[in-house]
Structure formats: C-alpha cells, structure tokens
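Chain naming here is simple, since letters A, B, ... match the order of the sequence lines and numbering starts at 1 in each. Just so it is clear, the structure is predicted and the values come from calculations on it, not from any experiment.
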Amino acid sequence: MLKCSAFSSNKTYMLKCYTFSSNKTYNVRFFTTFAAPATFPDSDFSDDTQDLVIHDKDLLRKSRRDSGTGLHVLDLIHRGSLEPDRSLYNTLFKKCTLLKKLDEARIVHAHINASLFMDDLVMQNTILNTYCKCGSLDDAHNLFEEMPVKDMVTWTALITGYSQNDQPLNALVLFPQMLRLELKPNQFTLSSVLKASGTGISDKYGRQVHAFCFKYGYVWNVYVGSSLLDMYARFGRMDDAWLVFDKLESKNEVSWNALIAGHARKGEGEHALKMFSGMLRQGFEPTHFTYSSVFTALASMGSLEQGKWVHAHVIKSGGKLIAYVGNTLLDMYAKSGSIDDARKVFNRLERRDVVSWNSMITGYAQHGHGKEAVRWFAEMLRIRIVPNEITFLCVLTACSHAGLLDEGQKCFELMKKYSIEPQEAHYVTMVDLLGRAGRLDQAMKFIIKLPVEPTAAVWGALLGACRIHKNMDLGTYAAERIFEFDPHDSGPHVLLANMYASAGRLCDAAKVRKMMKESGLKKEPACSWVETKNAIHMFVANDDAHPQREEIRKVWDEIYGKIKEIGYIPDSSHVLFYADQQEREAKLQLHSEKLALAYALMTTPPGFTIWIKKNIRVCGDCHSAFKFASKVVVREIIVRDTNRYHHFRDGFCSCGDYW
DNA sequence: TTAGGGTTAG
C-alpha cells in the first residue's frame, strides 16, 4: 500500500510515496504520457527520502522488481491526480496476469466499474482474460454472464480460459453455443478448442473441429495447424499428425515440438530423434519443450550414446537446466542404465522438485537398488520435500522389487501423514509386496479389508505371487476373481497354466490351455528387440523369418552347451503348449530374448554391453540362462522388460532374482 | 482484448 502526493510539470510528475510495508519514503519522478493532472502540493518532500525515476513504459518492469502490482497508481486516480486511460488499466492487468494477483485484479475491476470504461467491451474482455490467467474461472464466468454485450473475443477468452485451466469439457460446451450465435471463430478460438479436444478418450470431437478449421480457412495456419497436429498426436494418430504438419504453410518450433512430443509419448524414440535432427537441419532452434520431449524419447530407447549427444547440444546452447529439461535428462540417464550420470545431473539442477526426487528413486528401484531408493526417499523427507502419490508408488515398487517388506509397509502407512489417499496402483503394489515376500495370507487379508472393491489388477498381483510361491488354491481363487472381470484376458490364463505346469500339475495346465483354445484366447506374442549399429532388430519365439536364423541358432547352441556345463538347468515349465518334455526343452531355447542375445553377440564387438528390450515380463528360464551367459561371454547384458531392468553381470542379476 | 508444444509411476 502506497500513500502518494505529487506535483507536475510538462507531463513529468514528482510523486512522494510512502510504503507501509517497508516504512520507506520515495521521491519518484514519474514520466508519463497521461494527461496533466490538477495541481499538487510539493510541501511534503523531505530530504531523507530516496529517489527513483520511473517512465510509464517502465512501470511494469519496475513494479515487478518491487513484487507489487503498481496499484498505488489507483490512489492517484482516486485522488484526481491522474486521469486514467486504457493503457494504464492494460498495464495494471498485465501486471496482475504476470504475477497471478487475483485480488488486485478484482480491485482494478471494481475501479473500472466506477469509471468511464464501465461498459467498454474491450476492457471487459481484458478483465475476463485476466481472471482466466489468474486461474479464477468462477470470476471469469460471472463476468461473462453479467456482460450485456459479448463478441467473439469474449467467447474465445473464456473458451481459452477453460482450456488452459484443465476444464476442457466446459470449453467444448461453449464452442457450439458460440457458433449458434453466428459468431465466426478465428485462429485463436480454433487453436484453443483443439487444445481442449486433445483430452478424453476419442478424437471424434477433434475431427469435427478439424472440419470447422477447413470451413473457416485456418487449417494451414501455423497456430491452428500446430494445435491440430498436436490433437491427433495425443490420440496416437501420428499419420494424421504428419499429414497436417506436411501441409502447414509455415512451420515453427511449436509445430516441430508437438510432433516430436507425439512420437515420444508413443515410445517411438527413433522417430522423435529423426525429427530432432530434421529440426536442426532446417535451422530451427530447439527449445526447452524440444529437449524435454527428446529426452523422454531417449529414455524409452535406453540409448545412452545418443542421449549424451543431445545432452551436449543442451550444454552448447548455454541454457540453464530448468526443471522440465533437467528432470527428463536425469530420467534419461537413469533409464539408460547410467545412474551415476543421473545423480550428477540431479546435483547440478538449478531447482530440485518432487519430480526430480521421484525420478532418482525410480531410477534406483528399476535398476535393482531398492535400499538406495528407500535411502533417497528418507533424505527427501528429511529436507522437507513434500512427496506426492507417485513418490509413494515409486518407493512401494522399490520395496516390492527388493523384498523390503517392513520399509514398504511403513511407507504405505506414511501416506496418511501426507493426506494422500491410496489409489488402485498403491493397493496393487502392496499386494505385490506382501505376496512376493511370501505373506500370501496377509496379502489376502489386505485385499479383504480394502475400502474399495478389489480390481482385476489387485487379484492379478495375488495370482503372480501365488505362482512364485506355488500356492495352487489361492492362485486358482485369484484367477477366478480375475475371470469375473474379463473372461477373455489371456494374461491370467497363461499365468494360471504356468503355475500348474511349474507345480507338475500338467493335467490342470492342459485344462486351462483347452479352455483358452475353446474361447479363442491367444497368448500375446512375446517379442524382444536388440539395437545394433543404429538399427533395431525384432525377434519372436521360434523365429523362422530372420535371414540369419541358422547362424543365430548356432551361436545360441554354443552358449547353451557352455552354460549347461556350469550349472544351467532348463526349466520347461515356462513352455505351455507342448506336452513332450524334449520338445518343451527345445522350444525353451527358442525364446525371443535368447535369439536376441545370440544376434547381439554376433554383431557387437567383445566387451560391448548388450541391450535387449522385451514387450512382456522376462521369462524365468531366460533369466536363469542369461545369468550364466553373462559369465560365459564376459559381457554385461541389460534386459528391460515391462516391469523393470535386469543387469546381468558375472553370473548375477541386479534384481537379485526378485522380480 | 483472445491462441498452440514439455517431466516422474503403473
């Protein structure tokens, strides 16, 4: 709050300002284009005041430094010292928007309501927009309802407000209402409506808006086009996104970023990286948005070398590691297996937020360092970083994978202290934690006591644990509960059949297989990928299509012989559909990850770390074989399955056989 | 006066 007095000469005003907050008095020379005010007393000036010089164009900058909104100007207006004009109010609203000062915006609004601008449509639109930018859609909506006259900008401002404040449905409801009034949307309206259309489960609405973009002639506009391709990309329709991108009349960083982000979200790292190179070739400067999407893409590829190359770009660009880029960068290093580099990035971050901590905890957990993950969680709490629901999920998963039963239970209890309501994923992980640790009865009691109806995923976690600990009765019960949700889900059928097979109950396993056959259920085909010499090779079990199949099998046969010599015993319970023991053992050696390993050994130099990715959980027999293989071939083998990472080195796996 | 793109888990 400022108290001011002033005098003027030729549009230069000398203001005496006293701030109650800091108990300081300022002599302020205020150069302005405002009309000359009435006379001012100059007797208030004292000698012990500080001098500031402010030009009206500097008002925004100066008051930003003072962390105020410059509302003292309103006092001047109120005292008749200044005659308000549009640019003064606009400056104040800009300031409120910038600092998200809702209360101040309300004060300026009240002031305007008592001024000549009371019924000014443009001014009303500005106020409405300020409320939206300050996050108060209630204020914006109230004003919208009160406005006797509304134009296209009024509607667009409110639509944009809802779209930008996570209320897409409200935005989508307003759009047709606006059209019914025969107000013609422009590029601002359409890009906001498209942003709102990018949420939800279907692109049906977005496609309709696409038609409106054609109708009104904005489809090739870079703003509308970028929103349009982003909308398609969010629904995974990259072909449609590309069609829009290719036809844009001009492209900018945002169009490129939207496309890169689309590929990154789909886990199409290669495409995202190609786009990044293309963007550089065409002379576009990558932004924070670009880098965070590219690192997300690289994280999904686990491609450390390419990750380092892009990291070098960021360093060359000289930018600071802001939260988004820094967090995705450290996640990339963690997911690429280099937890040390991830920690270095973490240490260099300008600001470490809950996402930075979660990423480190997950990094440790996924690479088998459960205790380290728990230690980081404790440190995070010690320095009073407030955990979120993802933090707890990360820590619970870490505990579950590392067999840290007590720590996991304590972590679950701690959620109450932070007022975080457990979600389905937390319950699933708790059942997993108890079940893997062999506490199947406790897991069952936990499910019974759940405050919500247990889901198929909860029963699935119990079934998985029953398979590990060979508890047929409880496993069968869990499987039956899952079938009640979805009798056509092949996953639990396979798990159940595996469970019977590994317990030697081949007749029961055969019954499940028969049931699957009769219902037309097919097991999801297991695939493994291996990256060599900048190309990605995919393998499926019993792969007969690969041009080098003979050589691949020869290499694996050689390894198979060697690992058997040092203790590998094939576990044929992981083969479902063959009754003959010899045939089962033969099929076991043709699992996709084994073929991928053989191919990687053929095509990479000695000592080179081998990276394999798998679309489902790594098979138990392959896990055992890889441990022995890592010793025989003297290589580090990293397998990333849907659950976690396995670092096989010198006969051991980082997961400690607990996955 | 109104517009578009980015992070952690499962």
Side-chain angles (χ1 to χ4, degrees), chain A residues 86 89-90 93-94 97 120-130 132-133 151-161 163-164 185-196 198 218 221-231 233-234 248 252-262 264-265 286-297 299 322-332 334-335 349 353-363 365-366 387-398 400 423-429 432 457 460-461 642-644:
Chain A
R86 194 180 293 278
Y89 286 129
N90 284 342
F93 281 127
K94 270 185 195 164
T97 300
D120 186 283
L121 178 59
V122 173
M123 189 58 76
Q124 301 284 307
N125 287 345
T126 304
I127 302 167
L128 195 150
N129 181 48
T130 306
C132 291
K133 295 292 184 290
D151 64 0
M152 179 267 289
V153 175
T154 321
W155 285 83
T156 300
L158 191 58
I159 288 172
T160 304
S163 173
Q164 290 179 337
N186 66 2
Q187 65 268 42
F188 291 77
T189 330
L190 291 169
S191 37
S192 287
V193 175
L194 282 165
K195 179 181 163 76
Y218 288 111
N221 171 280
V222 68
Y223 277 94
V224 176
S226 300
S227 311
L228 192 53
L229 77 88
D230 180 60
M231 183 275 294
R234 281 176 195 278
L248 283 180
N252 64 12
E253 286 77 12
V254 179
S255 351
W256 284 91
N257 292 345
L259 208 50
I260 292 173
R265 270 191 297 264
T287 66
H288 289 145
F289 290 85
T290 324
Y291 286 123
S292 53
S293 292
V294 170
F295 287 132
T296 302
I322 68 153
Y324 272 104
V325 181
N327 289 342
T328 50
L329 177 62
L330 81 83
D331 183 53
M332 181 277 292
K335 285 203 167 64
L349 287 181
D353 60 14
V354 65
V355 178
S356 326
W357 285 88
N358 289 354
S359 302
M360 287 303 298
I361 292 169
T362 301
Q366 286 182 330
N388 62 14
E389 67 280 4
I390 296 176
T391 317
F392 285 102
L393 202 53
C394 297
V395 182
L396 284 173
T397 308
S400 166
Q423 296 157 5
E424 186 203 359
H426 297 101
Y427 295 135
V428 172
T429 315
D432 196 56
T642 42
N643 271 6
R644 57 174 305 153

What is the separation between atom [atom1] on [X] and atom [atom2] on [N], rounded to the nearest whole Å?
{"X": "A:F289", "N": "B:dG6", "atom1": "CZ", "atom2": "P", "answer": "7 Å"}
{"X": "A:L194", "N": "B:dG4", "atom1": "CG", "atom2": "P", "answer": "11 Å"}
{"X": "A:Y324", "N": "B:dG6", "atom1": "OH", "atom2": "P", "answer": "9 Å"}
{"X": "A:Y427", "N": "B:dA9", "atom1": "OH", "atom2": "P", "answer": "22 Å"}
{"X": "A:N186", "N": "B:dT2", "atom1": "CG", "atom2": "C1'", "answer": "7 Å"}
{"X": "A:I159", "N": "B:dG4", "atom1": "CD1", "atom2": "P", "answer": "12 Å"}
{"X": "A:L229", "N": "B:dG6", "atom1": "CG", "atom2": "P", "answer": "11 Å"}
{"X": "A:L329", "N": "B:dG6", "atom1": "CG", "atom2": "P", "answer": "19 Å"}

Interatomic spacing from OG1 in A:T160 to NZ in A:K195 - rounded to 0.5 Å: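 It is 10.0 Å, given to the nearest 0.5 Å.
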Could you grab the distance from atom CG of A:D353 to atom OH of A:Y324, nearest 0.5 Å is fine?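 The CG atom of A:D353 sits 9.0 Å away from the OH atom of A:Y324.
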Ignoring backbone atoms, establish whether [X] has a side-chain N or O less than 4.0 Å from OP1 or OP2 of [N].
{"X": "A:K133", "N": "B:dT1", "value": "no"}
{"X": "A:R234", "N": "B:dG4", "value": "no"}
{"X": "A:K335", "N": "B:dA9", "value": "yes"}
{"X": "A:T397", "N": "B:dG10", "value": "yes"}
{"X": "A:N90", "N": "B:dT1", "value": "yes"}
{"X": "A:Q164", "N": "B:dG4", "value": "yes"}
{"X": "A:R265", "N": "B:dG6", "value": "yes"}

Is it the case that A:T154 and A:D151 place a side-chain donor and acceptor less than 3.5 Å from each other?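 There is such a pair (donor and acceptor under 3.5 Å, judged by atom type) between the side chains of A:T154 and A:D151.
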Do you see a donor-acceptor pair shorter than 3.5 Å between the side chains of A:T189 and A:N186?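 Yes, because at least one side-chain N or O of A:T189 sits under 3.5 Å from a partner of the opposite role on A:N186.
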With respect to the side chain of [X], which nucleotide from [options] is positioned closest?
{"X": "A:D151", "options": "B:dG4, B:dT1, B:dG6", "result": "B:dT1"}
{"X": "A:S255", "options": "B:dG4, B:dT7, B:dT2", "result": "B:dG4"}
{"X": "A:T328", "options": "B:dT7, B:dT1, B:dG6", "result": "B:dT7"}
{"X": "A:T126", "options": "B:dT7, B:dT1, B:dA3", "result": "B:dT1"}
{"X": "A:S226", "options": "B:dT7, B:dT2, B:dG4", "result": "B:dG4"}
{"X": "A:N129", "options": "B:dT1, B:dT7, B:dT8", "result": "B:dT1"}
{"X": "A:I322", "options": "B:dG4, B:dG10, B:dG6", "result": "B:dG6"}
{"X": "A:Y223", "options": "B:dT2, B:dT8, B:dA3", "result": "B:dA3"}

Reckon [X] touches a base, only the sugar-phosphate, or nothing at all at heavy-atom distances under 4.0 Å?
{"X": "A:A425", "answer": "nothing"}
{"X": "A:V222", "answer": "base"}
{"X": "A:L330", "answer": "nothing"}
{"X": "A:S227", "answer": "sugar-phosphate"}

Using modelled atom types only, decide if a donor and an acceptor are shared between the side chain of A:H426 and the backbone of A:E389 within a distance under 3.5 Å.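 Indeed, once roles are kept as given, a pair shorter than 3.5 Å links the two residues.
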So among A:V355, A:I322, A:T296, A:V354, which one has a side-chain contact (heavy atoms from CB on, under 4.5 Å) with A:N327?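 Output: one option passes, namely A:V355.
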Looking at A:R86 and A:D120, is any side-chain nitrogen of the basic one under 4.0 Å from a carboxylate oxygen of the acidic one?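 Answer for the salt bridge query: yes.
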